[in-house]
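FYI, the numbering just counts along the sequence from 1. A quick note: this is a predicted structure, and the numbers were derived from the prediction, not measured.
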Amino acid sequence: MSELTLPDLVEIFRQCAGEAEGADLKSDDVGDRELAALGYDSLALLEAISHVERKYAIGMPDAETRIRTLNEFLDEANGQLSRQP
């Protein structure tokens with residue numbers, strides 16, 4: 001299975017929750033910034049998790065309690081993808 005990339009994930013968040021005014025989703029450090037600082041709340045995170053679970057046929061149980069940044073999301077999703085046969 002292919003790996004989820006940062007640009008892919010940014011687009012998923014845009015599709016699921018839009019883009020907050022003033023959020024710079026093209027900056028070099030976007031992956032390390034807190035989701036809240038990017039304008040995304042817990043509902044946006046849940047929507048993105050659900051989208052990724054369906055699209056990539058993976059499970060990310062309780063991920064919403066651990067994920068605070070886009071890079072943490074990528075680590076979680078790609079960890080699950082690497083476990084697939």
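Side-chain N or O atoms of N78 include none that pairs as donor or acceptor with a backbone N or O of E3 at under 3.5 Å. No donor-acceptor pair closer than 3.5 Å links the side chain of S50 to the backbone N or O of E47. Between the side chain of Y40 and the backbone N or O of G18 there is at least one donor-acceptor pair closer than 3.5 Å. Using a distance-only test at 3.5 Å, with no hydrogens or angles considered, a donor-acceptor pair links the side chain of Q84 to the main chain of A57. A donor-acceptor contact shorter than 3.5 Å links the side chain of E53 to the backbone of M60. The main-chain N or O of D62 is found under 3.5 Å from a side-chain atom of R66 such that the two form a donor-acceptor pair.
For the atom pair CG of L45 and SG of C16, the computed distance is 10.0 Å after rounding to the nearest 0.5 Å. One distance of note links OG1 of T5 with CG of L74; it measures 7.5 Å at 0.5 Å rounding. Note that the CG atom of L81 and the OG atom of S2 stand 7.0 Å from one another [nearest 0.5 Å]. The line from CD of E76 to CG of L4 is 11.5 Å long, rounded to the nearest 0.5 Å. A distance of 7.0 Å separates CD of E34 from OG1 of T69, quoted to the nearest 0.5 Å.
Closest of all the heavy-atom pairs between E72 and R68 is OE1-N, 2.6 Å. The two atoms that bring I49 and A63 nearest to each other are CD1-CB, 4.0 Å, heavy atoms only.
When each of D75, I12, L6 is checked for a side-chain contact (heavy atoms from CB on, under 4.5 Å) with L70, only L6 meets the rule.
Partners of F73 under the ring pair (Phe, Tyr, Trp, His ring centres under 6.0 Å) rule, at least two apart in sequence or in another chain, are F13.
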